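Please read these numbers as outputs of a predicted model, since none were measured by experiment. Counting from 1, the numbers follow the sequence of the chain as shown. Atoms considered below: every heavy atom in the structure, side chains included; atoms not considered: hydrogens, waters and symmetry mates. Note that ligands are numbered from 1 as they come in the structure, with each ligand's atoms numbered from 1 the same way.
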Amino acid sequence: MVQTKGKKMPDIIEFCDNWLFRNGFEQSWATSALTGAETVSFPHNAVELPFDYFDETIYQRRFTYQKHIAWCDGFTGQEVSLRFDGVMADAKVYIDGIFVGGHSDGYTPFEIRLTEHLNRDGILLTISIDGSENPEIPPFGGQIDYLTYAGVYREVWLKIAPAVSILNVKIEPYQVLEPLKSLQVFCHLSNPQAQELHQTELLATITAPDGTRVAQQRIVVSDDCPKLTFSGLENILLWSPDAPNLYRLELTLQCTGVTDILSRMFGFRTAEFAADGFRLNGKKLKLLGLNRHQSFPYSGYALGRSAQEEDAEILKFDLACNVVRTSHYPQSTWFLDHCDRIGLLVLEEIPGWQHIGGAKWKDEAVANVRRMIERDWNHPSVILWGVRINESPDDDALYERTNRLAHELDTTRQTGGIRKHTGSNLLEDVYTFNDFILGDEERPGSNRARTALRGQNEVTGLTHKVPYLITEHNGHMYPTKAGDQEQRQIEHVTRHLEIMDAAFGDDHIAGCIGWCMYDYNTHKDFGSGDRVCHHGVMTMYREPKFAAYAYASQGAPENKVILKPVTHWARGERNIGGTLPLMILTNCDYVQLRFASGAVLDLYPDQKRFAHLPHPPVMLNSEDLVGSELGKWGMQWHDIEFAGYVGGKQVVHLKMVADPVATRLNVSANRRQRDAQASEVRISVQAVDQVGNTLPFFSDPVRFEVHGPGSLTGPATRSLRAGATACWIKTYGDPGSISVTVSCDRLPDITLNLG
Ligand code: GAL
């Protein structure tokens with residue numbers, strides 16, 4: 001609790017530890033201390049599911065959380081509330097047995113005011129949650145192709161604020177008069193005791209990314225919605241994926257001698273979808289990205305800041321994406337904050353999947369538009385609001401409401417609404433479409449030739465072009481497991497490349513967002529029967545499949561050089577044998593193949609087949625090797641080397657051996673180990689051969705042992721899948737003092753010190 005010279009400052013305190021938790025809920029439990037409970041911390045997953053083949057109804061029931069909140073002198077004269085960032089779902093909150101409020105949506109935050117209930121004996125706070133898929137609440141009521149889990153799965157905060165405080169602020173670059181030189185700031189005060197606002201002042205300070213003050217303004221406040229305009233701002237650094245410049249707005253409210261401070265990051269940028277594509281800050285940018293669910297194996301939704309941030313980094317730095325769609329709901333603000341910081345664009349949408357419920361359900365869906373936008377309107381990364389239920393049928397009355405509200409709340413962003421049916425009424429600014437035409441030629445009775453993407457006019461049913469974005473492709477049209485046969489994986493890669501190529505080649509397509517970043521747990525009605533949709537370009541563990549490199553290789557080699565032959569380099573893995581045609585995903589100018597015979601072959605990107613991609617793959621076809629024994633059945637199999645060249649210089653080299661032998665475990669920690677405040681660190685493990693390549697079919701079990709201030713999520717022993725696995729270690733202190741030992745009967749133990 002911060003107190004300076006008698007003036008009370010606001011406090012927001014993490015309130016995540018030492019909660020009691022129990023299966024079930026009965027009204028009487030809310031009146032006295034829970035018995036038979038365990039002590040847990042948030043984020044918390046009510047039921048840890050196995051990796052696959054589980055009964056997904058086991059978390060679909062009620063659970064109880066409880067905490068005694070002792071009186072604290074700092075509460076005196078203050079407004080005290082609890083903020084829940086995300087509770088799945090249908091939270092009902094009781095104080096000393098009395099119902100005081102609730103929130104049915106599982107993806108947006110809510111606050112419970114404690115002020116009037118606090119007393120010197122303390123209060124007993126009980127939360128009941130309901131993991132059953134209540135058909136009254138989006139996204140439930142129909143089938144959904146993902147799991148929603150159960151629990152208080154994001155953080156909880158105790159907020160201690162003055163009687164009059166700043167509840168929220170919207171910072172809008174004011175584009176009408178002086179684009180990107182002016183700002184409008186709309187504040188929303190909280191004044192539950194209806195205090196007189198005489199002599200109330202608001203000071204607004206804008207600080208540049210380097211910490212220098214850009215502008216300051218003081219106004220007298222006369223109502224709960226004070227507004228300020230800044231104009232004539234000079235030397236503004238724009239926000240973009242290449243230069244994610246973030247400014248800070250600090251608001252200081254002075255009311256009857258008491259101060260409240262709120263500070264928010266924001267960026268100056270314009271984002272516009274037009275019929276001829278997408279422009280950021282007036283410059284054309286082809287959007288290329290992936291859909292992301294917010295789930296993790298074993299932990300469900302319940303991992304914290306570091307795991308969320310890492311996903312954003314994987315998308316941007318490992319997969320070279322410039323956009324992500326938060327399918328199909330508002331995701332953690334840790335994730336969005338990081339998208340702002342690293343420069344990853346976001347399409348965010350309301351919760352739902354194909355099904356539209358009754359009147360009450362629809363009201364909730366409209367309320368979700370408000371909750372999403374009011375939570376996230378200051379994120380420069382967010383460039384489009386998705387205001388339809390994903391892939392739902394047209395419902396003009398509903399979607400006129402969602403669009404109207406989105407535009408009322410936010411005049412700077414356009415709307416989209418994701419559909420998969422053609423000829424849908426365009427009530428949004430952007431026709432956002434899931435195009436699953438590639439692969440449709442395999443449907444019995446189809447007489448369509450293989451087509452990467454449908455023509456826009458065929459989809460919209462309009463005769464003119466409109467702003468248009470592909471929001472999903474591939475996915476269930478070609479599910480591919482990390483351990484699938486090489487040929488299937490080549491086809492998986494090819495389909496992603498073909499669609500990207502088509503999107504790059506058409507100025508009327510703003511971009512394409514593939515399905516999806518990683519595999520995810522799902523209901524029995526979807527996936528491979530194992531409760532997993534193997535639709536990702538990565539596994540659930542964030543281990544890349546070959547298709548991940550289809551994306552990664554589109555990035556600039558200055559950022560990361562990619563050289564990934566789509567092969568395990570084995571004689572008999574493919575049907576009939578051999579490795580031809582060989583596809584090499586790369587952003588190098590050319591790739592040199594060095595054969596064991598001493599022969600070398602320079603291969604260049606296949607611009608004929610993929611004319612529009614920034615970096616087409618390199619192909620080795622049988623005609624390039626006339627007379628060669630490569631791949632012929634019964635011939636001796638040899639090692640090979642690949643070298644990638646950029647600007648005439650070798651920048652990468654890779655060897656693949658003809659006789660891979662399980663040699664060691666490769667154990668590494670993700671970038672988070674360097675973050676002293678990390679909430680989780682991901683440890684990834686691969687079984688590798690004598691030259692360090694992953695052994696794709698090695699499936700022996702490995703054991704994790706964690707020493708120091710951390711705990712393992714999921715089981716300690718697990719089989720490798722496609723030669724790899726990973727785990728997230730929750731940290732309770734500096735990750736630098738954690739060490740992890742990974743052992744496997746056939747290979748030497750590896751101990752990794754995170755420090
Ligand atoms: C889409 C849907 C996604 C996912 C995907 C699989 O129809 O929007 O949530 O199910 O199919 O390809």
*Relative to the heavy atoms of Asp145, which atoms of ligand 1 are at a distance of less than 4.0 Å?*
4 (C), 10 (O)
*Is it true that a side-chain atom of Asn587 and a backbone atom of Lys560 form a donor plus acceptor pair closer than 3.5 Å?*
yes
_Keeping Asp501 on the side-chain end and Leu613 on the backbone end, is there a donor-acceptor pair under 3.5 Å?_
yes
*asked:* Checking the side chain of Glu680 only, and the main-chain atoms of Gly304 only, is there a donor and an acceptor separated by less than 3.5 Å?
replied: yes
*Does NZ or CZ of Arg721 fall inside the cone over Phe51's six-membered ring, less than 6.0 Å from its centre and within 45° of the axis?*
yes
*Around atom 1 (C) of ligand 1, find the nearest protein heavy atom and jot down its residue, atom name and distance.*
Glu472 OE1, 2.8 Å
*For Gly475, counting its heavy atoms only, list the atoms of ligand 1 lying under 4.0 Å from any of them.*
12 (O)
*Mark up the atoms of ligand 1 that fall under 4.0 Å of a heavy atom belonging to Asn390, in ascending order.*
2 (C), 8 (O)
*asked:* Against ligand 1, does Trp353 come closer than 4.0 Å with any heavy atom?
replied: yes
*Protein residue, atom and distance nearest to atom 12 (O) of ligand 1, heavy-atom basis*: His476 ND1, 2.5 Å
*asked:* Heavy-atom distances under 4.0 Å decide this one: backbone, side chain, both or neither, for Ile418 against ligand 1?
replied: neither
*Assess Met477 for proximity to ligand 1: is some non-hydrogen atom of it under 4.0 Å away?*
no
_Proximal atoms of ligand 1 relative to His535 (non-hydrogen, under 4.0 Å)_ = 6 (C), 12 (O)
*Taking the six-membered ring for Trp, are Phe697 and His568 parallel (under 30°), tilted (30 to 60°) or perpendicular (over 60°)?*
perpendicular
*Quick one: is the NZ or CZ of Arg454 closer than 6.0 Å to the six-membered ring centre of Phe433, and within 45° of its axis?*
no
*Evaluate the ring planes of His293 and Tyr146, with Trp represented by its six-membered ring, and classify them as parallel (under 30°), tilted (30 to 60°) or perpendicular (over 60°).*
tilted
*Please determine if Glu391 has a nitrogen or oxygen closer than 3.5 Å to a nitrogen or oxygen of ligand 1.*
yes
*Is the closest heavy atom of Phe436 to ligand 1 under 4.0 Å?*
yes
*Pull out every atom of ligand 1 sitting under 4.0 Å from any heavy atom of His328, numbered as shown with elements.*
3 (C), 8 (O), 9 (O)
_Cation-pi check for Tyr431 against Arg419: NZ or CZ below 6.0 Å from the six-membered ring centre and within 45 degrees of the axis, yes or no?_
yes
